[in-house]
Amino acid sequence: MQGAKKPSRRRFILGGLAVGGALVVGWGVMPPRQRLNGSHALPLDTGSVALNGWVGIGKDGSVTVAMPRSEMGQGVYTALPMLVAEELDVPLSTVRLVQAPIDKIFGNIAMLKDGLPFHPDDTGRLKSTVSWVVGKVARELGLIITGGSSSVKDAWEPMREAGATARAMLVAAAAAEWSVSAADCRTEDGHVLHADGRKLAYGALAVKAVNAQPGEVRLKTPQEFKLIGKPQPRRDTPSKVNGTAIFGIDARPAGMLYAAVRMSPVIGGTVASVNSAAALKMPGVIKVVDYSAALTEKTGAGAGIAVIAKSYWQARQAALALEIQWNDGPQARLSSDAIYADFAARLDKEDGHAYYQAGDMDAVEGKAAGVAKTLKAEYRAPYLAHAAMEPVNCTAQVKDGKVHVWAPTQSPGFAVEVAAKVGGVSADKVVLEVTMLGGGFGRRLDVDMVAQAVAIAKQADGYPVQMIWSREDDTTHDVYRPAALARFSATLDAAGNVLGYDNKSASGSIGHQFFKRNLGLPAGGPDKATAEGEFDMQYHFANQRIRHVIVDSAVPLGYWRSVGHSHNAFFKESFIDELAHAAGKDSVTFRRDLLAQHPRHLAVLNAAVAKAGAAPEGRAHGVALHQSFGTIVAQVAEVSVEGTEIRVHRVVCAIDCGLAVNPNIIAQQAESGVIFGLSAALFGAATIKDGKIEQSNFHDYPVVRLNQAPEVETIILPSSAHPEGMGEPATPPVAPAVANAVFKLTGKRLRSLPLTLL
């Protein structure tokens, strides 16, 4: 990948909005930048021609489609080409994917717009105006990012438009060839057909179509879809089964060496001194390097020592033999207990930012008449590591004034920029090859591993070097899901009606750290991710107030699958169950009453409950309903308790994600989200003592095993609405659904994650 824009322009645009929040008259009324034709050529094989920035046609009729998103198990290698194939009228099997160049047309607009801190029910002018402006800014920035469950949502219009435009150009070329009206032509299976029976393959028309005028381009209606909405097998499955799929660790450039690293066990620690004599005598060892000085201030990468060797095993064994003295730095006394205590103190004395308010909570809190019961609760969630099956890795080569990177990254643009920065070259001297990701979950949105790999490769005499973190490195040097503390208070009348609902929480801000690391922006202002899942709920309370206190974090924070929803759903849905119990009402009935103004949410809840049926003897059903990334999910968890062991046998997952592009992938993502969320609910915790992460591998940071995995039944509600996110929404409801079932079985209200009866 080449030709990335200089980061200074991105910082200027984003920084200007953050500080001023003003529109530039003239720019503000101009139409948004188009996303059909870019400034960089689509990479094509000889014999193929580009009809726009997304689609190329070969003489043999093959179709090349630019892939701007990273495949990390979520199915974009299938879902996104379906959008083009549908509008282009070609078999999905004829589509070949190529990595999209760094170009603004491939920027992720939906993800940035979804980050705005507005309530979903807000239909005001301010929201529409800000959304419009952010959409325009996003087009100018062109940040190529895979995250926020936004891949299909963002691609829905531009990729369909690209396919439909290419189709119209091919029809125009055929019509000119036959001297007929384009209106008398149609397309089918990669051919243009005339009403009189004449037929031409796309491959025969491709060259002539390049200069054809498409005329009016019409997208298909849902009633015309042949591919979209129909289950399609995943295109990446065969290569993953037969071993030909290329992940980051599979990169094998000629002459490649390996590197293992040692980083300070204390958060933020640095190298004081190193004795490498023993390591240098070990088999296969080529060099020991301190790469710290090559890391620029804002890469987010951990300083340390690397051993370069002929094999990874040799590099790893030699790295363990290094005698390193560390400067522990200011975090040597940091602990989880101290962090929670700080959260509590901040909640005691700070109001925080009000993300949503309705009614008059001050009047409710000062009112004694009519209040029959006051309910208060405090919930907490720990830091979480990502624990992707493929540990952090990156391969880099610095040679002849150029940098070549092979990386499993979710952020190609950021990867190019940091490689250029550390490598000491301009961005157009960086070539990036994005491999498949063996799990991402937000971890590979950060590019610290690219910075480290390039810094190490600078000292490798021009050889490519593959840097691999051990599982222990990965677990103890992550960018973690924030820990959080949440307090709830509600008043009820004698009939069990909620008079007032107050929620205030505290945590660090991922956004403040992420954008400082990757764009150099100053930290400040509200961060939707801290309070999402709390302030944007659809339950109707006439009087409510949802606030959040951002606490600066010494712990490095990163986006984790479903982000703030991952813990805020647990807080909110557990407390809703507490309110139902206090009101003397069934938890499902209580929710139904609060959803009278939201029929889509009510339909999802009813679908899950109906499918779950009655719990078998000795088990209980827990319910949770949550919307995230535009998708509504209701889950019913069937749970038993044996001694102190919580066992989840079955999860019914009902989903309204708008139009289901590929139902197969949606079901897979639902199952994946449930298992991922259940691992965190039952086991997940990264704890800190003396500035160090205490967990190191799967023995003390476990995930759900095969024999612990529940049966997951997915219900996809039919919809013709715009597709919404699906990679993350099944994760948040699992923990509260399980906790609510445990309460039914034991009478114990579990308010801390992970859930434990010990």
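All heavy atoms count here, side chains included; hydrogens, waters and symmetry mates do not. Owing to the predicted nature of the structure, the values given are computational and were not obtained by experimental measurement. Each residue takes its place number in the sequence, starting with 1.
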Salt bridge flag under 4.0 Å for residues [X] and [Y]:
| X | Y | answer |
| --- | --- | --- |
| Arg600 | Asp656 | yes |
| Arg218 | Glu224 | yes |
| Arg160 | Glu87 | yes |
| Arg186 | Glu188 | yes |
| Asp154 | Arg35 | yes |
| Glu724 | Lys153 | yes |

Is Leu88 close to Leu170 at the side-chain level, that is, under 4.5 Å between some pair of heavy atoms?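 Counting from C-beta outward, Leu170 and Leu88 do come under 4.5 Å.
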
Going through the checks in order, is the side chain to side chain donor-acceptor pair (under 3.5 Å) test met by Ser48 and Arg96? CA-CA 12 Å; Ser48 294; Arg96 182 180 73 93; 5.7 Å; no

Given side-chain contact (heavy atoms from CB on, under 4.5 Å), test Arg235 with Leu97 step by step and report yes or no. CA-CA 11 Å; Arg235 291 158 49 89; Leu97 300 177; 4.0 Å; yes

Apply side chain to side chain donor-acceptor pair (under 3.5 Å) to Arg69 and Ser151, showing your working. CA-CA 7 Å; Arg69 304 293 172 252; Ser151 293; 4.5 Å; no

Quick check: does any side chain N or O of [X] sit under 3.5 Å from a backbone N or O of [Y], one acting as donor and the other as acceptor?
| X | Y | value |
| --- | --- | --- |
| Asn518 | Phe514 | yes |
| Arg561 | Gly727 | yes |
| Asn52 | Val55 | yes |
| Glu728 | Thr731 | no |
| Gln99 | Val434 | yes |
| Asp536 | Pro120 | no |
| Asp478 | His386 | yes |
| Gln635 | Ala730 | yes |
| Glu71 | Gln74 | yes |
| Arg650 | Ala612 | yes |

May I have all residue pairs that pass ring pair (Phe, Tyr, Trp, His ring centres under 6.0 Å) and include part of residues 651-684, sequence neighbours excluded?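 Residue pairs with at least one partner in residues 651-684: Phe441-Phe676, Trp560-Phe676.
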
For [X] and [Y], test the side chains for any donor-to-acceptor distance below 3.5 angstrom and give the result as yes or no.
| X | Y | value |
| --- | --- | --- |
| Ser150 | Asn108 | yes |
| Asn606 | Arg592 | yes |
| Tyr77 | Arg234 | no |

For residues Val450 and Cys394, report the shortest heavy-atom separation together with the two atoms involved.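 Between these two residues, the closest heavy atoms are CA-SG, 3.8 Å.
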
Closest approach of Ile510 to Val563 (non-hydrogen atoms, all atoms of both residues):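 Of all heavy-atom pairs spanning Ile510 and Val563, the closest is CD1-CG1, 3.7 Å.
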
Set of side chain to side chain donor-acceptor pair (under 3.5 Å) partners for Asp121, sequence neighbours left out: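 Asp121 satisfies side chain to side chain donor-acceptor pair (under 3.5 Å) with His598 once adjacent residues are dropped.
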
Going by side chain to side chain donor-acceptor pair (under 3.5 Å), name the residues that satisfy it together with Lys220, two or more places apart in sequence or in a different chain.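 Lys220 satisfies side chain to side chain donor-acceptor pair (under 3.5 Å) with Glu86, Asp89 only.
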
Lys127, NZ: over 12 other non-hydrogen atoms inside 6.0 angstrom: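 Yes, because the 6.0 Å sphere around NZ of Lys127 holds more than 12 heavy atoms from other groups.
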
Is it the case that over 12 heavy atoms from other parts of the model lie below 6.0 angstrom from the NZ atom of Lys199?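 12 or below, so no.
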
Rounded distance [0.5 Å steps], CD in Gln669 versus OG1 in Thr631: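 Gln669 atom CD to Thr631 atom OG1 measures 11.0 Å (nearest 0.5 Å).
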
Set out, in order, the CA-CA distance, both residues' side-chain angles and the distance that settles side chain to side chain donor-acceptor pair (under 3.5 Å) for Arg444 and Ser70, then state yes or no. CA-CA 10 Å; Arg444 290 176 164 96; Ser70 302; over 6 Å; no

Between Phe629 and Ser562, is a side-chain contact (heavy atoms from CB on, under 4.5 Å) present by the stated rule, with each step listed? CA-CA 8 Å; Phe629 308 96; Ser562 74; 4.1 Å; yes

